Enquirer: 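Below is the structure I would like to discuss, written out as structure tokens.
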Amino acid sequence: TANNTLVIDKASAAITFAGLTQTYDGSPKPVGTTTTPSGLNVAITYEGSPTAPTNAGSYAVAATISSANYQGTASATLLIDKASAAITFAGLTQTYDGSPKPVGTTTTPSGLNVAITYDGLPTAPTNAGSYAVAATITDPNYQGSSAGILVIAPANDWSTWTLEQFTPSEVEAGDSGENADPDHDGLANLAEYAFGANPKVFTPPLAAVRDADGLSLTFTRPQGLPDVTYSAESSDGLGVWNPVPIEVISTGATETVRARDPLTSGDPAKRFIRLRFTRP
């Protein structure tokens with residue numbers, strides 16, 4: 001007689017994955033599976049470990065049917081995306097004092113690292129001006145970005161302004177005095193300071209405009225200079241000058257201001273208008 005052994009092989013079963021793309025939230029991110037036929041046990045590993053990952057990233061997933069009668073395997077990639085985070089700026093308006101002016105940031109959720117550039121450079125600017133600020137979350141599990149404008153207002157006092165604009169040798173030579181005009185544009189340093197202009201670069205003269213509302217001079221100035229007084233006057237013949245009102249027509253780090261003579265008295269056909277700047 002012959003001895004024979006009956007071998008019944010396991011049947012093939014298929015595995016389908018679910019949840020291969022998820023978003024970080026601080027909790028483990030296991031993938032789901034279904035089998036055909038349904039209801040079979042499946043053993044899953046993530047990069048060779050049975051523990052589902054938590055952090056953002058890509059992970060190789062291997063699944064194996066665990067059944068007495070069925071066999072089958074499948075592989076895929078689990079992608080855990082970074083979660084979104086928000087950035088809020090602080091200190092977008094500052095005043096020149098000779099030191100760098102970095103902006104501050106807070107994040108939601110809090111405590112995330114942020115990379116900041118100013119006009120594309122990582123170094124915070126020092127000089128007065130406007131700078132495009134870009135902030136990007138640098139975190140393994142969060143992503144986000146924000147943009148703003150840093151405005152560094154000109155120095156808000158005369159002594160600081162002169163230190164910014166003039167070298168010690170220029171100060172010694174007298175170029176920094178209130179009535180000096182080192183760029184020979186007809187504007188003394190005090191006027192350049194009052195306008196927020198550069199005393200070493202030609203500043204175009206103001207032009208008076210006459211319209212139905214009168215004779216006016218419009219100019220810009222830094223907001224909040226504490227030690228200069230602005231006034232305007234008009235005259236029929238350069239002998240007697242009478243005060244005229246000044247109004248702020250737009251606000252911000254730099255204001256737009258207009259002095260207007262309504263031409264309601266004197267000789268409206270012959271009129272001059274001027275600005276005056278004084279310091280205490």
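Just so it is clear, the model here is predicted, and its values are computed rather than measured. Heavy atoms only: backbone and side chains are in, while hydrogens, waters and symmetry mates are out.
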Enquirer: Please check: side-chain N/O of Y230 versus main-chain N/O of V257, any donor-acceptor pairing under 3.5 Å?
Expert: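 Flag not set: sc Y230 to bb V257 has no pair under 3.5 Å.
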Enquirer: Is D211 salt-bridged to R260, going by a charged N under 4.0 Å from an acidic O?
Expert: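 Looking at D211 and R260, the cut-off is met.
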Enquirer: Look at the aromatic rings of Y24 and Y142 and report parallel, tilted or perpendicular, splitting at 30° and 60°.
Expert: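 Judged by the thresholds at 30° and 60°, the geometry between Y24 and Y142 is perpendicular.
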Enquirer: Starting at OG of S130, measure out to CG of L150 and round the result to the nearest 0.5 Å.
Expert: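 The distance works out to 8.0 Å.
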Enquirer: Just checking, is any N or O donor in the side chain of S67 or N69 under 3.5 Å from an acceptor N or O on the other one?
Expert: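 Judged by distance alone, the side chains do not pair up.
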Enquirer: Start with the C-alpha gap between T21 and D81, add the side-chain angles, then the distance that decides, and say whether side chain to side chain contact (heavy atoms under 4.5 Å, CB included) holds.
Expert: CA-CA 7 Å; T21 301; D81 290 327; 3.8 Å; yes
Enquirer: If you apply the rule side chain to side chain contact (heavy atoms under 4.5 Å, CB included), what do you find for T88 with T107, and how did you get there?
Expert: CA-CA 6 Å; T88 302; T107 61; over 6 Å; no
Enquirer: Side chain to side chain contact (heavy atoms under 4.5 Å, CB included) for K101 and T95? Distances and angles first, verdict last.
Expert: CA-CA 8 Å; K101 296 299 175 189; T95 300; over 6 Å; no
Enquirer: Mind checking whether P199 and W161 have side chains closer than 4.5 Å, heavy atoms only?
Expert: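 A side-chain contact under 4.5 Å exists here.
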Enquirer: Evaluate the side-chain proximity of V114 to T136: yes if any heavy-atom separation is below 4.5 Å, no if none is.
Expert: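 No, too far: nothing below the 4.5 Å cut-off.
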Enquirer: Over all heavy atoms of both residues, which pair between A132 and I149 is shortest? Give the atoms and the distance, please.
Expert: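 Minimum heavy-atom separation between A132 and I149: CA-CD1, 4.0 Å.
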Enquirer: With distance as the sole test, does Y70 use its side chain to make a donor-acceptor pair with the main-chain N or O of A14 at under 3.5 Å?
Expert: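 No; zero donor-acceptor contacts below 3.5 Å.
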Enquirer: Looking at the rings of Y193 and F277, which for Trp means the six-membered one, are their centres under 6.0 Å apart?
Expert: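 For Y193 and F277, the ring centres are not under 6.0 Å apart.
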Enquirer: Side-chain heavy atoms nearer than 4.5 Å, only ILVMFWY residues, links allowed to pass through others: does that put V248 and V244 together?
Expert: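 Linked, V248 and V244 end up in one cluster.
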Enquirer: Is there side-chain contact between I80 and N55, with heavy atoms separated by less than 4.5 Å?
Expert: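 No, side chains not in contact.
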Enquirer: Check for me, please, whether V151 and F195 land in the same ILVMFWY cluster - side-chain distances under 4.5 Å, paths through other members count.
Expert: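 V151 and F195: separate clusters.
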Enquirer: Would you confirm whether T256, through its side chain, and S250, through its main-chain N or O, come within 3.5 Å as a donor-acceptor pair?
Expert: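 Not confirmed, T256 side chain does not pair with S250 backbone.
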Enquirer: According to a hydrophobic-cluster definition based on side-chain heavy atoms being under 4.5 Å apart (Ile, Leu, Val, Met, Phe, Trp, Tyr only), do Y59 and L20 belong together?
Expert: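 Yes: a chain of side-chain contacts under 4.5 Å links Y59 to L20.
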Enquirer: If you look at every heavy atom in T203 and D185, which pair is closest and at what distance?
Expert: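 It is N-OD2, 3.0 Å.
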Enquirer: Going from CG on L238 to NZ on K270, what distance comes out if it is rounded to the nearest 0.5 angstrom?
Expert: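 One finds 8.0 Å between CG of L238 and NZ of K270.
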Enquirer: Whether the side chain of D181 engages the backbone of A188 through a donor-acceptor N/O pair (distance < 3.5 Å, no angle test) should be reported.
Expert: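 No; zero donor-acceptor contacts below 3.5 Å.
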Enquirer: Hey, are N113 and D139 close enough side-chain-wise for a donor-acceptor pair under 3.5 Å?
Expert: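 Not at all, the side chains of D139 and N113 share no donor-acceptor pair under 3.5 Å.
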Enquirer: Would you say the side-chain atoms of N141 pair up with the backbone N or O of A56, donor to acceptor, closer than 3.5 Å?
Expert: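 Yes; judged by distance alone, with no hydrogens or angles, the pair exists.
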Enquirer: List the atom of T126, the atom of S99, and the distance in Å for their closest heavy-atom pair.
Expert: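 Minimum heavy-atom separation between T126 and S99: CG2-O, 3.7 Å.
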Enquirer: Is the number of heavy atoms from other residues, nucleotides or ligands under 6.0 Å of E247 CD greater than 12?
Expert: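 Enclosed: over 12 neighbouring heavy atoms sit under 6.0 Å from CD of E247.
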Enquirer: Just checking R271: does its CZ atom have more than 12 heavy atoms from other residues, nucleotides or ligands closer to it than 6.0 angstrom?
Expert: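 Yes - once you tally the heavy atoms of other residues, nucleotides and ligands closer than 6.0 Å, there are more than 12.
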Enquirer: How far does CH2 of W158 sit from CZ of R279, to the nearest 0.5 angstrom?
Expert: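 If we round to the nearest 0.5 Å, W158:CH2 and R279:CZ are 6.5 Å apart.
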Enquirer: Specify the closest pair of heavy atoms between I116 and T105, including all atoms of both residues, with the distance to one decimal.
Expert: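 Of all heavy-atom pairs spanning I116 and T105, the closest is CD1-CG2, 3.7 Å.
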Enquirer: Under 4.5 Å between side-chain heavy atoms, hopping through other hydrophobics if needed: is there a path connecting I246 to L187?
Expert: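 I246 and L187: one cluster.
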Enquirer: What's the spacing between Q223 CD and T254 OG1 if we round to 0.5 Å?
Expert: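 The distance works out to 9.0 Å.
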Enquirer: When you compare the side chain of R258 with that of T218, does any pair of heavy atoms fall below 4.5 Å?
Expert: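 They are in side-chain contact.
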Enquirer: Do W241 and L215 sit in the same hydrophobic cluster, where Ile, Leu, Val, Met, Phe, Trp and Tyr count as joined when their side-chain heavy atoms come under 4.5 Å apart?
Expert: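 W241 and L215: separate clusters.
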Enquirer: Test your reading of the model: is there a side-chain donor-acceptor pair from Q94 to the backbone of G91, 3.5 Å cut-off?
Expert: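 Such a contact is found between Q94 side chain and G91 backbone.
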Enquirer: CD1/I8 to CG/L6 distance, rounded to the nearest 0.5 angstrom?
Expert: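 Those atoms lie 4.5 Å apart.
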Enquirer: S12 and Q71: side-chain donor and acceptor closer than 3.5 Å?
Expert: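 Absent: no donor and acceptor within the cut-off.
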Enquirer: Any heavy-atom pair between the side chains of L275 and F219 that's under 4.5 Å?
Expert: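 They are in side-chain contact.
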Enquirer: Looking only at heavy atoms, what is the nearest atom pair of A194 and V228, with distance?
Expert: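 In this case the closest contact between A194 and V228 is CB-CG2, 4.1 Å.
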Enquirer: Would you mind reporting whether S216 and D261 have side-chain heavy atoms less than 4.5 Å apart?
Expert: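 Of all side-chain heavy-atom pairs linking S216 with D261, none is under 4.5 Å.
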Enquirer: Set out, in order, the CA-CA distance, both residues' side-chain angles and the distance that settles side chain to side chain contact (heavy atoms under 4.5 Å, CB included) for F89 and S146, then state yes or no.
Expert: CA-CA 9 Å; F89 289 112; S146 188; 3.5 Å; yes
Enquirer: So, E233 side chain and P243 main chain: donor-acceptor pair closer than 3.5 Å or not?
Expert: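 No, E233 side chain to P243 backbone: no donor-acceptor pair under 3.5 Å.
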Enquirer: Taking all non-hydrogen atoms of both residues, which atom of F166 and which atom of S176 are closest, and how far apart?
Expert: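 That would be CD1-CB, 3.5 Å.
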Enquirer: Could you measure the distance from the CG atom of L217 to the OG atom of S234? Nearest 0.5 Å is fine.
Expert: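 L217 CG to S234 OG: 10.5 Å, rounded to 0.5 Å.
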Enquirer: For residues Y46 and L78, determine if any side-chain heavy atom of one lies less than 4.5 Å from a side-chain heavy atom of the other.
Expert: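 Counting from C-beta outward, Y46 and L78 do come under 4.5 Å.
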Enquirer: Does the distance from a Lys or Arg side-chain N to an Asp or Glu carboxylate O, for K200 and E170, drop under 4.0 Å?
Expert: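 Judged by the 4.0 Å cut-off on N to carboxylate O distance, K200 and E170 do form a salt bridge.
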Enquirer: Without swapping roles, check the side chain of N189 against the backbone of D175 for a donor-acceptor pair under 3.5 Å.
Expert: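 Indeed, once roles are kept as given, a pair shorter than 3.5 Å links the two residues.
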